[in-house]
Amino acid sequence: MRSGELAANAIVKLIRGEDRASTLREFARAFAKLYRGRLWINRLARAAVLAPRVGSFFVHAARLNPAILKFLTAKIVHSL
Amino acid sequence: MEQFDVAIVGAGPAGSTCAAFSAQAGLRTLLIERENFPREKVCGDCLNPACSSVLDRLGLGERVRALAQAKLEGVEFIAIDGRKVIVDFREKEVAIKRSLLDELLLTRAGELGTEIREETTATTLSRNATWTIETNQNERFCARILVGADGRNSTVARLCNLLPRPERERIALQSHVPLPRDFGPRIVLQFLPGGYSGQSPVNDTELNLCLVAKPCGIGALKAWAARQFALSPDHSWRTITPLTRAAVSPAHEDLFFVGDAARVLNRSPARGFITRCGRASSRPMRS
């Protein structure tokens with residue numbers, strides 16, 4: 001949803017004749033920021049399938065130190 | 001031929017949101033959607049709390065809160081051997097079926113002035129001074145800017161020769177099943193020998209159940225799910241593949257990609273639960 005809003009903001013600027021290059025640059029930067037720090041879930045999800053014991057080991061490690069899992073979960077559900 | 005400032009292909013959350021804000025700003029906006037809403041989709045159904053500010057800016061806060069939903073308090077990670085770790089959310093997360101949320105967003109886009117075409121697929125794109133879009137309904141539209149919001153297998157990206165090669169290493173299945181008694185207000189991410197399962201209540205009676213595995217292992221996960229949730233052998237699943245391909249740059253000259261079409265995050269239960277830059281050819285690109 002947020003990526004759609006960012007695109008709409010950029011599109012409005014382009015249609016109104018604002019500088020194309022800086023508008024696109026600004027959009028790309030904001031878009032990248034949207035996902036920064038949250039892509040670990042991709043790697044975990046992929047590892048969970050391709051090497052299920054790696055994903056499972058992650059859970060074991062988190063039992064000893066849950067802080068890391070809490071931090072990463074917060075990155076997913078509370079960022080933007 | 002009808003002329004628009006912006007044409008958006010795909011009416012998922014990213015596409016409808018883009019359309020709504022574009023129309024709200026006074027742009028002539030077209031939204032093309034392959035399906036007839038409401039429809040379900042392979043997704044964890046969870047709504048990131050950070051989306052609430054976007055929904056408020058769309059004037060949808062109250063209407064979203066009125067939808068049937070589950071309020072979730074945390075996520076439980078379960079290892080293959082059954083050991084668990086529970087992480088509580090700082091604030092409750094909600095899960096809403098995509099059929100409800102996506103229809104509301106599409107409706108809002110229409111209320112704000114978006115021209116909507118459901119059951120319509122872009123079949124040909126060509127670009128000279130503006131984009132020309134031909135559809136399977138034999139309509140032609142013209143737009144200054146085109147937005148691909150049509151998911152990881154984006155037709156827009158494919159027609160523009162921007163769709164990266166997929167890796168068919170994983171397959172995802174999703175379904176809504178009866179909510180087990182005492183499931184609790186939590187998401188479950190369960191690692192299994194052949195993949196993993198994501199589970200989340202979406203209302204008082206239904207559970208979103210996702211399975212992800214290698215293609216050769218998906219049968220075993222379906223059998224596990226059938227035992228675990230007492231599903232019939234002919235239980236129907238929605239599916240999506242591929243789950244993996246390289247990202248598409250979100251910003252091109254007069255072409256944007258949003259949501260899964262840019263493919264920054266995997267379409268996966270784990271995600272749901274919780275530039276190559278170039279000018280498109282002016283020759284027609286056919287579906």
Side-chain angles (χ1 to χ4, degrees), chain A residues 1-16 20-21 23-32 34-36 38-39 41-50 52-64 66-67 69-80, chain B residues 5-6 13-22 25 27 48-51 53-55 57 75 77-81 83-85 87 89-91 93 105 144-145 147 149 169-170 191-196 212-214 244 249-251 253-254 256 258-259 262 264-266 268 270-271 274-275:
Chain A
M1 287 176 62
R2 179 69 179 134
S3 70
E5 183 182 26
L6 289 175
N9 293 342
I11 290 164
V12 169
K13 288 181 181 175
L14 292 179
I15 296 291
R16 290 178 180 162
R20 178 174 298 276
T23 300
L24 293 179
R25 205 165 41 240
E26 189 183 321
F27 167 72
R29 193 180 301 129
F31 190 93
L34 192 59
Y35 295 102
R36 195 171 298 146
R38 299 201 295 150
L39 299 181
I41 193 73
N42 274 11
R43 289 187 277 275
L44 178 60
R46 190 164 180 266
V49 174
L50 301 180
R53 297 196 183 278
V54 172
S56 211
F57 173 79
F58 198 80
V59 177
H60 289 176
R63 280 167 58 86
L64 299 174
L69 204 49
K70 286 181 180 174
F71 172 76
L72 293 173
T73 301
K75 294 282 280 184
I76 290 290
V77 298
H78 297 290
S79 55
L80 283 190
Chain B
D5 293 314
V6 54
S16 288
T17 300
C18 185
F21 281 115
S22 297
L27 303 189
N48 190 312
C51 289
S53 60
V54 181
L55 292 166
R57 286 193 287 278
V75 56
F77 295 87
I78 305 178
I80 291 174
D81 62 5
R83 294 184 197 183
K84 300 173 181 177
V85 174
V87 176
F89 296 142
R90 285 201 301 251
E91 56 184 299
E93 185 165 335
L105 289 167
R144 294 170 66 182
I145 291 175
V147 179
E169 59 183 7
R170 288 175 293 158
F191 296 95
L192 297 160
Y196 67 94
V212 185
K214 292 178 189 173
T244 306
S249 167
E253 195 163 331
D254 291 320
F256 289 76
V258 296
V264 175
L265 287 177
N266 285 340
S268 73
R271 173 260 175 125
I274 335 212
T275 138

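Note that the coordinates shown come from a computational prediction; the quantities given were computed from them, not determined experimentally. These values consider heavy atoms only, across backbone and side chains, with no hydrogens, waters or symmetry-generated copies. Per chain, numbering begins at 1; letters A, B, ... match sequence-line order.
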K.L.:
Among A/Val12, A/Ile15, A/Leu14, which residue forms the greatest number of heavy-atom pairs with chain B at distances under 4.5 Å?
P.N.:
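Ranked by contacts with chain B, first place is A/Ile15.
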
K.L.:
Whether the side chain of A/Arg63 engages the backbone of B/Lys84 through a donor-acceptor N/O pair (distance < 3.5 Å, no angle test) should be reported.
P.N.:
yes

K.L.:
Rounded at 0.5 Å granularity, tell me how far CZ in A/Phe31 sits from CG in A/Leu24.
P.N.:
13.5 Å

K.L.:
Can you sort out the partners of A/Arg20 under salt bridge (Lys or Arg N to Asp or Glu O under 4.0 Å), two or more places apart, ordered by chain and number?
P.N.:
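Result, salt bridge (Lys or Arg N to Asp or Glu O under 4.0 Å) vs A/Arg20: B/Asp254.
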
K.L.:
Is a side-chain donor or acceptor of A/Ser3 paired with a backbone partner of B/Gly259 at a separation under 3.5 angstrom?
P.N.:
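Present.
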
K.L.:
For A/Lys13, check side-chain hydrogen bond (donor to acceptor under 3.5 Å, both in side chains) against everything at least two apart and list the hits.
P.N.:
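Once residues adjacent in sequence are excluded, the partners of A/Lys13 under the side-chain hydrogen bond (donor to acceptor under 3.5 Å, both in side chains) criterion are A/Glu26.
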
K.L.:
Report the option among A/His60, A/Arg53, A/Arg16 that has the most heavy-atom pairs separated by less than 4.5 Å from atoms of chain B.
P.N.:
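Top option by heavy-atom pairs under 4.5 Å: A/His60.
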
K.L.:
Name the region of B/Phe21, side chain, backbone, both or neither, that has any atom closer than 4.5 Å to a heavy atom of chain A.
P.N.:
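For B/Phe21, heavy atoms of backbone and side chain both lie under 4.5 Å from chain A.
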
K.L.:
How long is the span from the SG atom in B/Cys18 to the CZ atom in A/Arg2, to the nearest 0.5 Å?
P.N.:
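So the gap between those two atoms works out to 12.0 Å.
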
K.L.:
Find the one option among B/Val6, B/Val147, B/Asp81 whose heavy-atom pairs under 4.5 Å with chain A are most numerous.
P.N.:
B/Asp81

K.L.:
For B/Ala149, which atoms come within 4.5 Å of any heavy atom of chain A: side chain, backbone, both, or neither?
P.N.:
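Looking at B/Ala149, nothing touches chain A.
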
K.L.:
Please state whether the side chain, the backbone, both or neither of B/Arg144 comes within less than 4.5 Å of a heavy atom of chain A.
P.N.:
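Contact with chain A: side chain only.
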
K.L.:
Where on B/Ile80 is there a heavy atom nearer than 4.5 Å to chain A: the side chain, the backbone, both, or neither?
P.N.:
both

K.L.:
Measure distances from B/Leu192 to the heavy atoms of chain A and classify the residue's part below 4.5 Å as side chain, backbone, both or neither.
P.N.:
backbone

